[in-house]
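In what follows, chains carry the letters A, B, and so on, assigned in the order in which the sequence lines appear, proteins first and then strands, with residues in each chain numbered from 1. Note: hydrogens, waters and symmetry copies are ignored here, and every other heavy atom, side chains too, is used. Because the structure is a prediction, the values reported are computed rather than measured.
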Amino acid sequence: MTILDTAERHRNIDSPNPLDWISPAPAAEEAVGAPAKVRAKPILIQPGLVLAYIILAVALLWAVAPGLFTSYDPVQGLPGQQLKAPSALHFLGTDALGRDLYTRLVYGALHSLSGAVAAVAIGLLVGTALGVIAGSVGGWIDEVIMRLVDVLLSIPVLLLSLSIIILLGFGTVNAAIAVGFTSIASFARLVRSEVVSVRRSEYVEAAFGSGGTFFKVLWRHVLPNSLTSVIAFTALQVGSAILQLSTLGFLGYGAPPPTPEWGLLIAEGRNYIATAWWLTAAPGVVVVLVVLAVNRVSQAIGRAQQ
Amino acid sequence: MARYIFSRVGQALLVLWAAFTISFVLLQAMPGDAVLIKFQNPEYGLNAVQIAEIRAAYDADGSVVLQYVHTIGNFLTGDFGYSLQAGVAVSAQLAANLPSTIRLAGLAFAAAALLAVIIAVLSNLPGLGRLRSFIQSLPSLFVSIPTFWLGIMLIQIFSFRLRLVPVINPGEWEGLILPVLTIALPVSAPMAQILLRNIDEVLTRPFVSVARAKGASHTFVLWRHVAKNALLPVLTVAGVLFGELLAGAVITETVFGLNGIGSLAEQAVNFQDVAVLQAIVVISAAAFVTINLAVDLLYPVLDPRLKAKLGGVA
Amino acid sequence: MTVSLGGRLEGSVLPSPVLDISGLRISYLDQNGPRTAVHGIDFSVFPGEVVALVGESGSGKSSTAQAIIGLLPENGRLESGNIRLNRLEIAGWSQKRLDGIRGSVISLVPQDPGNSLNPVRTIGKQVAEILVIHGKASGAAADARAIELLERVGLNQPALRAKQYPHELSGGMKQRVLIAIAIALKPSLIIADEPTSALDVTVQKHILDLIDELRREFGTAVLLVTHDLGVAADRADRLIVLKQGRIQEQGPTTNILTNPQSAYTHRLLADAPSLNVRQRRVAAVAKAEHGKAGDDIIVVEGLVQDFGRGGKDKGLRALDNVSFRVRRGTTHALVGESGSGKTTTIRSVAAFQKPTAGKVIVDGLDLSAPPRETLRLLRKKIQLVYQNPFGSLDPRQTIAGIVEEPLLNFEPIARAKRAEIVASTIEKVGLPLDVLQRRPHALSGGQRQRVAIARALVLNPQILILDEAVSALDVTVQAQILSLLDTLQRDLGLTYLFVSHDLAVVRQISDTVSVLNGGKIVESGVVEDVFEHPQSAYTRELIDAIPGKKHPLHASRSTLTNSGNI
């Protein structure tokens, strides 16, 4: 039993299904894994948390006030400036229509980040609600919700989002809904396992023992204590949503051209890969940096909660 | 034990049935079906009667319930309907495309597993210093790279710049090198992360101290005591890894212009070819459920504690 | 029981020590930088001798043991000092070099048998492994020797055990396996780090007897690390008393027990229940009897509790026909080992679960079929204090919030009035008012338990259920909490239902007792009667197993219960 006992907080060891023993999200386990040891160095190579925060701050500023970072127009190309290599004038060169790539990246932040946030919000709200209901009410409601979650988890994430796209059609909002829908199941599962473990704790029993009603105890103890680990998981999901949205954008299911969405930029740049490789490389690097930064912050939140 | 197997198989079938239903609801029961979208196009010059006939041929008429029953019956007999876009049986398309995707995904899985183990072993070698934290940081880098971009960059670097791997008319296996790598890197990341975390966690358990107190060396303890305890839980995410593999295949086949289930799915979305996408969704769900079932049935064989638990129940 | 130290000293030549420690300093690196845990200690262990390192949590006893065998946690560091093993200086040795002597010259019996065996390897392989590592045997020969060793440590069916996995063995059996590993190569020193603190008292006795017997047979010296003075007093030739990384006192066991030199040792001895068996409190009910008391506030009759999924599954019968009565204003103890059903019993009394059959009547309220309102009424009468104050206090609430919470569940009380009640309750349990704004993690274990008691008291209940409420605490803190409970009982006329595995504590503080075994009450009655003239064999075994009998102390020492207020 040892392996199970140490990690009981996160694994439903009563279940005969070994899958239930392990929480589905790396962040969740990170958040409550073995006690922090000196050996556990930051997983990032060097940059550390500060760099991650700086990257996120810049990305957010790009989204909020793109005008501060560039004076070019993201959509209107400059005549005679097509496919210029990076220079002092055009920091990251220009694309086939003479648009400044750096400017398009700056303006693209709004599309990519807001899409990711909207997607995660859907997963967070619906998933958390389902998880809280399943975990706190229990009984057959719990059974039904969790079987539904199992079913959603059985369909690979990308196929599930493609199914929703085929249903709703292409576009930024639909892509965000599709991505958000795919994260409902993992949110629900995490939240339920947290709620169940908090419900088993002695302070919850003590709260009932001092006359607390179901809703009072739920509000005072179960929710605050079970939702903390959701924060780190939410951050992690933002990173994954950015990736998924850029994938959908790349496949052409997201924002239509000439929207400067990051995934779409990579797709557009790809046609000129042999001559203007930076058109593909630069947006990819931006995506990688932002996702790394988000994941790093998520990890830090998880650690802090221990 | 028999009861355990029976209940696991039952649950698996239930999940599969529900997955089919969800995909049916999402894809077929909604208004504005694909047949209408395609054939209402004035280019075809069809009148309402002709459209109705076509709808009947595609089994798109009748009540939703009837369609549902019909479709489920067809799926059970291996009839997945007809592709609107290609006009051939979906089952034929699947048969033509499955082998290449299975080969791609299989190789990628092997490569990913190898990579994950290499990362885990390397980061537990003594005396690595800074290199060790670099190796440990690789998985989080790998999960942060968009797969499609990785594929493009690999082509750019290895084919165009270094000219190591041809992209135009490559040999059968040569052409798989970059796609396999493209899928393997992101799939290796969660495996490596779980392995690293488990190894760290197992190393803190009292039985490791006891083994050290017997005089066992660090390396001996890692292989004899830690390895199995750390590897077992990786099995439990096999299903999730399968999903990642499949997603990787969709993207990689698109990027590299390979034939397979992935590119089939991508085209299905482009042309709103619902029957094809539903078949792929249901088949993937079936594969996922089968993998998890296999893990569930295998786990008690590998983990003595679970065997006892089940033995007690049965 | 042992070769006496005195005998050895009379010999003309003093043998060289197996272990000689001098100036040992250990520090740990945590978020706040390095923190010294052991401040330069010196001691020796001679061949064939049992030396006990005794101390409360944070005394550095386990760190010392880990440092000797070279297995400090990763953030621990041996700062300075000498560790001489058979005159060989091993303090600076690399792990690789230490591997050669670990297991063969020095071995370990760990604290927690439940987690100390690899769950996915067979018992036999794990025993044989030590022979293989040191090249003493291999293959079938090692397996055969492993079975011999298992037999030697008293496991029945050793050949079968060798093929089993750890989860198929009980805690005591696992500890025997670990002892078999420790003695396999006849080392000159065994470090036994709290070898029995995770085990039931009867199992503890058998395990300690086994270590004693083997050590005599092989002439091995034992360094016994323990928090339990009773165990140390019974088993050790010499005691080393540690407090916060410094040695307070060391010397022959009898000397220290009869004539402690340091104030700390004095206090430790006075507070250890197992060493003060003759000390008895004056019954709390004596006062109450003059008043209205005398009635039974808790009546449990024929209580049966089954667990299981119902239906075809044959559930587990956790309680079988349990009956007892508790008089108002007295302390009734439920004692038993793990799995005896004592926790199940109190959960039924506190109405956290419905009895399968039988009656529970608390202050006239029948809990067999309680309507919701009865249940809420009951909550005001009966409160529970848990074993582990880490788990029973919500880490996110302030102390004020925790203590106030029960008040919010009943008739509304004005905010100012609530604050007043909370403050007076906090004072009642002997805490300063400045804890109110802190959170549980900022408090010590004893303070947390006081908070838990305050929360239980804030509704003015008549009954407190104390579920192993002092078991997780250090002995000096335990004594303070017990004394607090005694005062509260006398001041407030409380009735206690006291659940414990520790018979010495039970004997000290309760009026009546029920002994539970396997879900049944095997004996019940007034504490003196049960302890002096136990009727059932099981009770006798339990009482025999209480450590600390070898050196009974006289009740002349300052008593812990302030019984002077009659």
Is any side-chain heavy atom of [X] less than 4.5 Å from a side-chain heavy atom of [Y]?
X	Y	result
B:F148	A:S246	yes
A:Y253	B:V269	yes
A:S154	B:V15	yes

### Task
Give every residue pair that meets the side-chain hydrogen bond (donor to acceptor under 3.5 Å, both in side chains) criterion with at least one member in residues 270-287 of chain A, sequence neighbours excluded.
none
### Task
Return each pair, listed once, that meets side-chain hydrogen bond (donor to acceptor under 3.5 Å, both in side chains) where at least one residue sits in residues 14-25 of chain B; pairs must be two or more places apart or across chains.
B:W17-B:Y68, B:T21-B:Y68, B:S23-B:Q278
Working to the nearest 0.5 Å, report the span between [atom1] of [X] and [atom2] of [Y].
X	Y	atom1	atom2	answer
B:I145	A:L292	CD1	CG	8.0 Å
A:L158	B:I251	CG	CD1	5.5 Å
B:S144	A:R296	OG	CZ	12.0 Å
B:S140	A:N295	OG	CG	7.5 Å
A:L148	B:I22	CG	CD1	5.0 Å
A:I155	B:L246	CD1	CG	12.0 Å

Which pair of heavy atoms, one from [X] and one from [Y], lies closest together, and at what distance?
X	Y	answer
B:G243	A:P156	CA-CB, 3.9 Å
B:W149	A:V285	CZ2-N, 3.6 Å
A:I166	B:A268	CD1-O, 3.8 Å
A:S163	B:V281	OG-CG2, 3.5 Å
A:L243	B:V143	CD1-O, 3.0 Å
A:V151	B:A18	CG2-CB, 3.3 Å

### Query
Between A:I242, A:T247, A:L251, A:I164, which residue shows the highest count of heavy-atom pairs closer than 4.5 Å to chain B?
A:T247
Heavy-atom cut-off 4.5 Å, strictly under: side chain, backbone, both or neither for [X] against chain A?
X	value
B:I280	both
B:I152	both
B:V255	both

### Query
Quick one: what part of A:V294 sits under 4.5 Å from any heavy atom of chain B, side chain, backbone, both or neither?
neither
